[in-house]
Amino acid sequence: MRMAIIAGLMAVGVLAGCGGAEDAEPMSPEEANRVVEMAVPSACTDACDAKYYQCYFGGGDPYYCNSYRAFCISQCPP
């Protein structure tokens, strides 16, 4: 019985056009490059992560390692 109700609700949703993907607004090349730069970590961030892993997996205090990583990343250029 429950499956029939769920199937009916899904059919109504499909017929009503609910849940479809909307078209994305076109981006300018400058905006697309900015999005990619924000998504890809920089060399500075990678270095901070490497130091964090050395600290954390080397037996350091997790609170200190997290604090140092946050400080290190805050010193990276934008």
Side-chain angles (χ1 to χ4, degrees):
M1 178 68 180
R2 187 182 346 174
M3 288 296 267
I5 293 172
I6 292 173
L9 291 173
M10 289 177 63
V12 169
V14 169
L15 292 175
C18 298
E22 297 179 9
D23 292 336
E25 295 180 18
M27 278 199 237
S28 68
E30 295 84 17
E31 188 177 9
N33 287 336
R34 185 178 58 81
V35 169
V36 169
E37 287 173 1
M38 288 174 39
V40 177
S42 68
C44 180
T45 306
D46 287 340
C48 293
D49 286 340
K51 291 176 186 175
Y52 167 76
Y53 294 133
Q54 288 174 349
C55 176
Y56 189 81
F57 294 111
D61 179 31
Y63 179 77
Y64 171 77
C65 297
N66 286 328
S67 297
Y68 181 78
R69 180 178 180 269
F71 173 75
C72 182
I73 290 177
S74 73
Q75 301 303 309
C76 290

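The figures that follow rest on heavy atoms only: side chains count, while hydrogens, waters and symmetry mates do not.
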Report the distance from atom SG of Cys65 to atom NZ of Lys51, rounding to the nearest 0.5 Å. 13.0 Å
Could you list all the ring pair (Phe, Tyr, Trp, His ring centres under 6.0 Å) pairs where at least one residue sits in residues 43-63, not counting sequence neighbours? Tyr52-Tyr56
Quick test of your reading: applying salt bridge (charged side-chain N to carboxylate O under 4.0 Å, His left out), list the pairs with at least one residue in residues 52-64, sequence neighbours left out, ordered by first then second residue. none
Show every side-chain hydrogen bond (donor to acceptor under 3.5 Å, both in side chains) that has at least one partner inside residues 68-78, sequence neighbours left out. Asp49-Arg69
Asp46 versus Pro41, closest heavy-atom pair with distance: OD1-CB, 3.7 Å
Would Cys72 and Cys48 count as a disulfide (SG to SG under 2.5 Å) if you check the C-alpha gap in whole Å, the side-chain angles of each, and the deciding distance to 0.1 Å? CA-CA 6 Å; Cys72 182; Cys48 293; 2.0 Å; yes
